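Order of the sequence lines sets the chain letters (A, B, ...), proteins ahead of strands, with each chain counted from 1. All values reported here derive from a predicted model rather than from experimental measurement. Keep in mind that the numbers below use all heavy atoms, side chains included, and drop hydrogens, waters and symmetry copies.
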Amino acid sequence: MSTPVPQNKVVQWIEYRLPVFSWAIAHGVDYPAPRNLNYWWTFGSMAMIMLVAQIVTGVLLSMHYTAHVDHAFDSVEHIMRDVEWGWLLRYAHANGASMFFVVVYVHIFRALYYGSYKAPREILWWFGIMLLLLMMATAFLGYVLPWGQMSFWGATVITNLFSAIPWIGGDLVVWLWGGFSVDNPTLNRFFSLHYLLPFVMCGMVFLHLWALHHRKSNNPLGIDIKSPKDTMPFSPYCTTKDLFTGTVMLFVLFVFVFYLPNTLGEAVNYEKANPLQTPAHIVPEWYFLPFYAILRSVPDKLGGVIAMAAAILILFVLPWLDTSKVRSARFRPIYKQLFWVFLADCVVLGWIGAMPAEGVYIVIGRICTIYYFAHFILIMPLLGRFEKTLPLPESIHQSILDKSLKSKTGNIS
Amino acid sequence: MLKYVISFFASITLVFFITNKLYAAGDAPKPPNIDWHQEGIFGTYDKAALIRGFQVFQEVCASCHSLNFIAFRNLLEIGFSPEEVKLIAAEYEVEDGPDDEGEMFMRSARPSDYWPAPFANDKAARAANGGAMPPDLSLITKSKVAGSDYLYALLTGYRDEPPEGFELSDGMYYNDYYPGHQIAMPQPIYEESVEYIDGTEATIEQLSKDVTQFLAWTAEPKLEERKRTGLKVLIFLAIFAALAFVIYKRTWKRLKIKDTEE
């Protein structure tokens with residue numbers, strides 16, 4: 001079954017000292033993936049492509065960028081105007097961040113739909129949430145670097161959130177800033193951390209994949225792999241599929257890079273940061289909007305910060321809040337519907353986050369925030385107890401055979 | 001699955017619709033949408049308009065506004081010849097130095113110099129403009145949500161008298177499209193403000209359109225290169241995706257064949 005290591009002398013010499021080849025074959029070629037994986041299972045590899053793309057474009061950009069309040073904005077324009085292909089690098093990096101979030105959010109909602117966070121994949125899930133947190137931090141830090149109006153004021157608003165922490169809040173913010181306001185020391189450390197965190201993410205991806213390869217992938221049926229018949233080797237099956245979907249993703253990304261490069265950004269960020277002039281609306285990037293809406297839904301500053309943090313941290317305990325024994329929503333008729341309600345709730349929250357906090361927007365924001373938490377704290381525990389789940393198929397292989405039998409006899413039910 | 005996706009989008013649209021009815025947005029007028037030459041997948045700059053727009057900028061805007069990210073050499077990109085650029089640059093003086101005596105000195109500008117700002121610093125700019133700061137124009141079309149549409153609407157949106165009941169502060173002017181309607185910049189463009197070298201009739205609309213296109217170029221000088229490259233990249237990726245799809249489907253057929261053999 002396992003693919004042999006090539007007999008080449010050099011390969012063998014290395015293999016004897018460090019078994020990189022057999023390791024790469026075991027994890028990149030022979031790794032048994034469930035045979036019924038659908039397109040939703042290709043978003044993990046897309047996220048990996050995006051991480052690499054962001055690092056490559058980011059490293060090249062950093063060669064021309066100057067992390068100083070007097071020069072940052074100008075150096076970005078220098079990249080856009082004078083650096084060979086600089087405009088492409090910058091637009092690819094800025095829109096790449098959005099693409100990265102799109103595929104990661106789909107990846108997360110796929111895990112929610114098919115119950116991928118449940119035993120025995122809790123630690124795998126935890127690494128995923130930590131990756132999300134790192135990614136959010138990196139994106140926020142990166143958005144500050146061009147030192148436009150929204151960079152500066154976004155940084156001011158977000159760092160100020162830490163001042164809500166009782167007792168130490170005030171000192172903590174001064175420590176984060178490296179001064180008494182967002183200024184040059186802040187920009188310098190943000191650049192340093194923005195460069196550092198993606199490499200921490202690489203390490204975290206390694207752990208994420210280690211946990212994945214130890215307990216193997218979940219699948220649309222949510223049942224365990226029972227025999228080799230249920231699996232296919234990662235290469236060529238997953239690799240060819242990922243190559244296809246990865247290319248489609250790049251196509252979408254490049255539509256934005258080449259034809260809508262500033263659509264997802266804020267126009268006012270093409271104005272140089274001015275600490276004396278606050279923009280009319282301070283809005284975060286689209287991928288933070290649902291959390292921003294939750295933050296603003298709580299009338300109290302500290303409460304808002306806690307709610308926003310809890311919105312992500314609650315995911316850590318989701319494997320225990322969800323009491324259902326069945327993983328996949330395919331066999332959970334009520335959860336299957338509530339999943340879409342929850343997704344709609346998140347989208348509405350995102351839209352509320354982009355609106356001014358006034359009038360009816362506040363009311364909708366609060367209802368959606370309450371529902372967001374109710375989904376985890378009330379619905380997930382209770383649903384597992386009371387929901388009548390559908391019978392699970394015997395095995396992945398059997399369900400594939402049944403399906404092809406059905407399509408042959410023309411039975412449409 | 002499809003059923004859920006449809007009802008998902010239907011319900012979200014419903015929420016948006018109801019809320020918009022309940023809560024209409026503010027009264028800021030939307031600038032009219034103009035079909036700019038540089039819009040669309042194959043959009044390119046109208047070179048003649050850029051040259052005219054440069055003339056408007058030079059003769060009208062430049063007396064108060066800077067254009068910090070544009071060097072004289074950049075004018076080559078909109079169709080000026082190297083000789084013309086040298087001549088244009090030579091009309092301006094820039095500070096250089098220090099020389100061997102340690103003194104700063106003025107010399108005529110060269111193509112490699114950046115467009116000289118009309119004021120020495122922000123304070124001087126404010127002092128000369130009744131306390132208001134004329135913004136740098138290099139990125140002005142990109143830093144506004146409605147972009148070129150906004151700039152054109154602003155330039156053509158002045159009214160001699162504010163509408164009845166509107167309190168206009170001293171030294172301010174009424175504009176339909178400026179947020180809050182009070183703007184410190186007096187109407188900059190009038191009929192025949194500029195005598196076009198190419199003989200185009202200099203109406204307010206023509207002058208405004210031309211200078212807006214020039215400033216769209218200063219904000220996004222690589223637009224044409226970007227769109228040209230994009231087309232090639234997307235065609236390549238489309239073909240590559242199609243090939244990848246065929247490879248994927250062919251590969252997976254092997255799995256099905258294995259099943260039927262059993």
Side-chain angles (χ1 to χ4, degrees), chain A residues 35 74 77-78 80-82 85-88 91 148-149 229 232 236-237 239-248 250-255 257-259 261-262 266-272 280 336-337 339-341 343-344 347-348 351-352 355-356 358-361 364 368 397 400-401 404, chain B residues 4-5 7-9 11-12 15-16 18-19 22-23 26 40-41 68-71 74 135-136 138-147 179 219-223 225-231 233-234 237-238 240-252 254-256 258-260 262:
Chain A
R35 284 194 40 187
D74 295 4
E77 279 308 312
H78 161 69
M80 293 297 288
R81 290 157 195 272
D82 300 326
W85 296 107
W87 58 270
L88 178 57
Y91 279 153
Q149 271 288 64
K229 275 185 177 175
M232 58 189 176
Y237 296 106
T239 38
T240 51
K241 195 173 187 173
D242 291 351
L243 180 72
F244 166 59
T245 55
T247 311
V248 173
L250 287 180
F251 186 92
V252 175
L253 169 63
F254 282 127
V255 166
V257 169
F258 289 113
Y259 294 103
N262 294 307
E266 286 295 323
V268 76
N269 219 32
Y270 279 108
E271 231 170 81
K272 208 176 194 161
K336 193 178 188 174
Q337 303 190 23
F339 167 84
W340 290 102
V341 176
L343 180 56
V347 173
V348 173
W351 164 64
I352 291 294
M355 294 293 127
E358 52 194 31
V360 69
Y361 296 130
I364 298 177
C368 289
H397 188 239
I400 291 170
L401 289 182
S404 62
Chain B
Y4 291 107
V5 177
S7 50
F8 169 73
F9 283 110
S11 48
I12 285 183
V15 174
F16 281 63
I18 293 171
T19 319
L22 280 174
Y23 196 84
I41 295 175
N68 290 337
F69 292 115
I70 296 297
N74 292 126
D136 183 79
S138 315
L139 285 161
I140 201 77
T141 54
K142 251 161 111 179
S143 66
K144 303 291 174 196
V145 176
E220 188 77 2
K222 304 289 183 191
L223 174 137
E225 188 186 359
R226 166 159 66 74
K227 291 185 178 180
R228 250 184 290 125
T229 316
L231 203 62
V233 170
L234 292 183
L237 281 176
F240 193 85
L243 290 176
F245 184 73
V246 172
I247 292 168
Y248 150 57
K249 279 294 172 192
R250 279 201 183 172
T251 309
W252 281 58
R254 279 189 241 159
L255 277 177
K256 277 193 188 140
K258 252 193 241 162
D259 287 331
T260 47
E262 275 169 23

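At least one side-chain heavy atom of Leu88(A) sits under 4.5 Å from a side-chain heavy atom of Phe258(A). Trp85(A) has its side chain within reach of Thr229(B): a pair of non-hydrogen atoms, C-beta onward, lies under 4.5 Å apart. Side-chain atoms of Thr251(B) and Tyr248(B), non-hydrogen and from C-beta on, never get closer than 4.5 Å to each other.
Contact count against chain A (heavy-atom pairs under 4.5 Å) is highest for Glu225(B) among Glu220(B), Lys144(B), Glu225(B). Between chain B and the options Val248(A), Ile400(A), Asp82(A), the largest number of non-hydrogen pairs under 4.5 Å is found for Asp82(A). Ranked by heavy-atom pairs shorter than 4.5 Å toward chain A, the options Leu243(B), Ile247(B), Val233(B) are led by Val233(B). Of the listed residues (Glu271(A), Met80(A), Arg35(A)), the one with the most heavy-atom contacts under 4.5 Å to chain B is Arg35(A).
Proximity to chain A involves both the backbone and the side chain of Val145(B), based on heavy atoms less than 4.5 angstrom apart. Using a 4.5 Å cut-off between heavy atoms, Val257(A) contacts chain B through its backbone alone, with no side-chain atom that close. For Ala242(B), no part lies under 4.5 angstrom from a heavy atom of chain A. Contact of Leu231(B) with chain A is made through backbone and side chain together, with heavy-atom distances under 4.5 Å. Tyr91(A) touches chain B through its side chain: at least one heavy atom from C-beta onward sits under 4.5 Å away, while N, CA, C and O do not.
Taking all atoms of both residues into account, the shortest heavy-atom contact from Phe69(B) to Asp136(B) is CD1-OD2, 4.4 Å.
Side chains of Tyr270(A) and Asn262(A): a donor on one and an acceptor on the other come within 3.5 Å.
Trp252(B) contributes a side-chain N or O that, together with a main-chain N or O of Tyr237(A), makes up a donor-acceptor pair within less than 3.5 Å.
Within 6.0 Å of OH on Tyr259(A) lie more than 12 heavy atoms contributed by other residues, nucleotides or ligands.
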